[in-house]
Amino acid sequence: MRMFETSALDLWREEENRTGLVTFCKDLDLALGSGIAAGTITELCGPPGSGKTQLCLQLAVNVKIPRLLGGIEGCAAYLDTNYGFSPHRIQDMSKACHNHCANIAILHGLNQEELLAGFTEANALDDINYAHVSDCSQLLEALAILQNRLYDGEKAIVTNDVTTRISDAADASQQPDEPQIVPALGGSHTHKINQRILLGRDETNADCSTKPPTYLASVVKSHFKPEVTVAFRIEATGIRGVKCKV
């Protein structure tokens with residue numbers, strides 16, 4: 001085995017040539033480098049209603065974006081553990097994504113029919129492979145199948161709930177530490193993932209009933225960027241960034 005023949009410059013060039021899986025939230029894509037990086041395990045962590053499922057559905061749709069438009073032109077495998085998958089929602093997101101790609105093609109003078117031949121509203125659902133598991137044995141079986149099908153350069157997205165950690169006081173004379181909200185799978189799981197995105201609602205405008213709710217995505221673990229928090233919205237068309245007021 002020949003070792004130490006790869007330089008840091010070689011690795012940098014390899015990273016620069018990788019195509020990320022975009023989220024349709026520009027600020028989040030920039031925070032991640034260029035979207036979800038290839039060959040990495042990215043965890044979406046947050047409480048119920050924080051946008052984990054919606055972001056997973058959006059990513060399952062976005063894998064179909066053609067390479068000429070900055071996409072990866074692939075297919076998705078969706079492993080569901082809580083019946084959160086919605087074909088109707090996928091159709092809505094796919095229609096919006098397809099229209100977006102068509103508009104970009106027209107803007108750049110490209111033949112949209114030829115460019116989007118492999119990405120139509122009709123095949124959007126057909127290119128998402130779905131499986132539901134309800135116990136650990138089914139989960140392990142599904143993961144084994146996926147491991148045989150996945151190749152280098154694939155992106156893996158996992159979700160994780162949060163729980164409350166309460167630390168006991170060292171002795172009776174001390175007050176226990178304040179409860180902390182932490183990822184439910186524990187510290188050892190943290191070493192198995194490459195990126196962690198902590199999701200949640202922006203409570204600063206929670207009382208404003210006239211505006212759609214705003215969500216926050218905090219990149220708390222990444223190989224590419226320092227910790228950063230960006231805002232996004234869940235709209236009828238899917239995940240979208242929050243436009244700044246001028």
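Model, not experiment: these values are computed from the prediction.
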Between [atom1] of [X] and [atom2] of [Y], what distance do you get to the nearest 0.5 Å?
{"X": "E227", "Y": "S218", "atom1": "CD", "atom2": "OG", "value": "6.5 Å"}
{"X": "L116", "Y": "N99", "atom1": "CG", "atom2": "CG", "value": "10.0 Å"}
{"X": "K52", "Y": "C45", "atom1": "NZ", "atom2": "SG", "value": "7.5 Å"}
{"X": "L30", "Y": "L32", "atom1": "CG", "atom2": "CG", "value": "9.0 Å"}
{"X": "L68", "Y": "L115", "atom1": "CG", "atom2": "CG", "value": "5.5 Å"}
{"X": "T40", "Y": "I193", "atom1": "OG1", "atom2": "CD1", "value": "10.5 Å"}

Should [X] and [Y] count as side-chain neighbours, where that means a heavy-atom distance under 4.5 Å?
{"X": "L69", "Y": "L110", "result": "yes"}
{"X": "L28", "Y": "F232", "result": "no"}
{"X": "D92", "Y": "T237", "result": "no"}
{"X": "Y130", "Y": "L125", "result": "no"}
{"X": "R233", "Y": "P213", "result": "no"}
{"X": "H132", "Y": "S134", "result": "yes"}
{"X": "S34", "Y": "D29", "result": "no"}
{"X": "L143", "Y": "L79", "result": "yes"}

Which pair of heavy atoms, one from [X] and one from [Y], lies closest together, and at what distance?
{"X": "I72", "Y": "G20", "result": "CG2-O, 4.2 Å"}
{"X": "C25", "Y": "A231", "result": "SG-O, 3.6 Å"}
{"X": "S94", "Y": "F119", "result": "O-CZ, 4.0 Å"}
{"X": "P47", "Y": "L199", "result": "CD-O, 3.5 Å"}
{"X": "D127", "Y": "K64", "result": "OD2-NZ, 2.6 Å"}
{"X": "A142", "Y": "V133", "result": "CB-CG1, 4.1 Å"}

If two hydrophobic side chains count as joined below 4.5 Å and joins carry through other members, does [X] share a cluster with [Y]?
{"X": "L59", "Y": "V230", "value": "yes"}
{"X": "V63", "Y": "F85", "value": "no"}
{"X": "L57", "Y": "V61", "value": "yes"}
{"X": "V228", "Y": "I239", "value": "yes"}
{"X": "L21", "Y": "I197", "value": "yes"}

Using a cut-off of 6.0 Å, state whether more than 12 heavy atoms not belonging to K221 lie near its atom NZ.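 Count over threshold, so yes.
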
Assess whether atom CD of Q138 is packed by more than 12 heavy atoms of other residues, nucleotides or ligands within 6.0 Å.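 Check passes, neighbour count above 12.
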
Between R196 and E43, does at least one N-O distance fall below 4.0 Å, as a salt bridge requires?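 Answer for the salt bridge query: yes.
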
Is there a donor-acceptor contact under 3.5 Å from the side chain of [X] to the main chain of [Y]?
{"X": "Q58", "Y": "T23", "answer": "no"}
{"X": "R201", "Y": "G51", "answer": "no"}
{"X": "D80", "Y": "Y83", "answer": "yes"}

I'd like to know whether I128 forms a side chain to side chain contact (heavy atoms under 4.5 Å, CB included) with C75, so could you lay out the CA-CA distance, the side-chain angles of the two residues, the decisive distance to 0.1 Å, and finally the verdict. CA-CA 6 Å; I128 299 177; C75 58; over 6 Å; no

With distance as the sole criterion, is a donor-acceptor pair present between the side chains of Y215 and D202 under 3.5 Å?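 There is no such pair between these side chains.
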
Would S137 and E141 count as having a side-chain donor-acceptor pair, cut-off 3.5 Å?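 There is no such pair (donor and acceptor under 3.5 Å, judged by atom type) between the side chains of S137 and E141.
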
How about F24 and H100: are their ring centroids closer than 6.0 Å?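 Yes, they do, as the ring centres are separated by less than 6.0 Å.
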
Dump the intermediate steps for side chain to side chain contact (heavy atoms under 4.5 Å, CB included) on V219 and Q195, then the final yes or no. CA-CA 8 Å; V219 183; Q195 298 183 127; 5.6 Å; no

Check the pair L11, T6 against side chain to side chain contact (heavy atoms under 4.5 Å, CB included), reporting the backbone distance first and the verdict last. CA-CA 7 Å; L11 295 176; T6 302; 3.9 Å; yes

Would you please test E73 and I65 for side chain to side chain contact (heavy atoms under 4.5 Å, CB included) and show each step? CA-CA 5 Å; E73 202 170 338; I65 298 176; over 6 Å; no

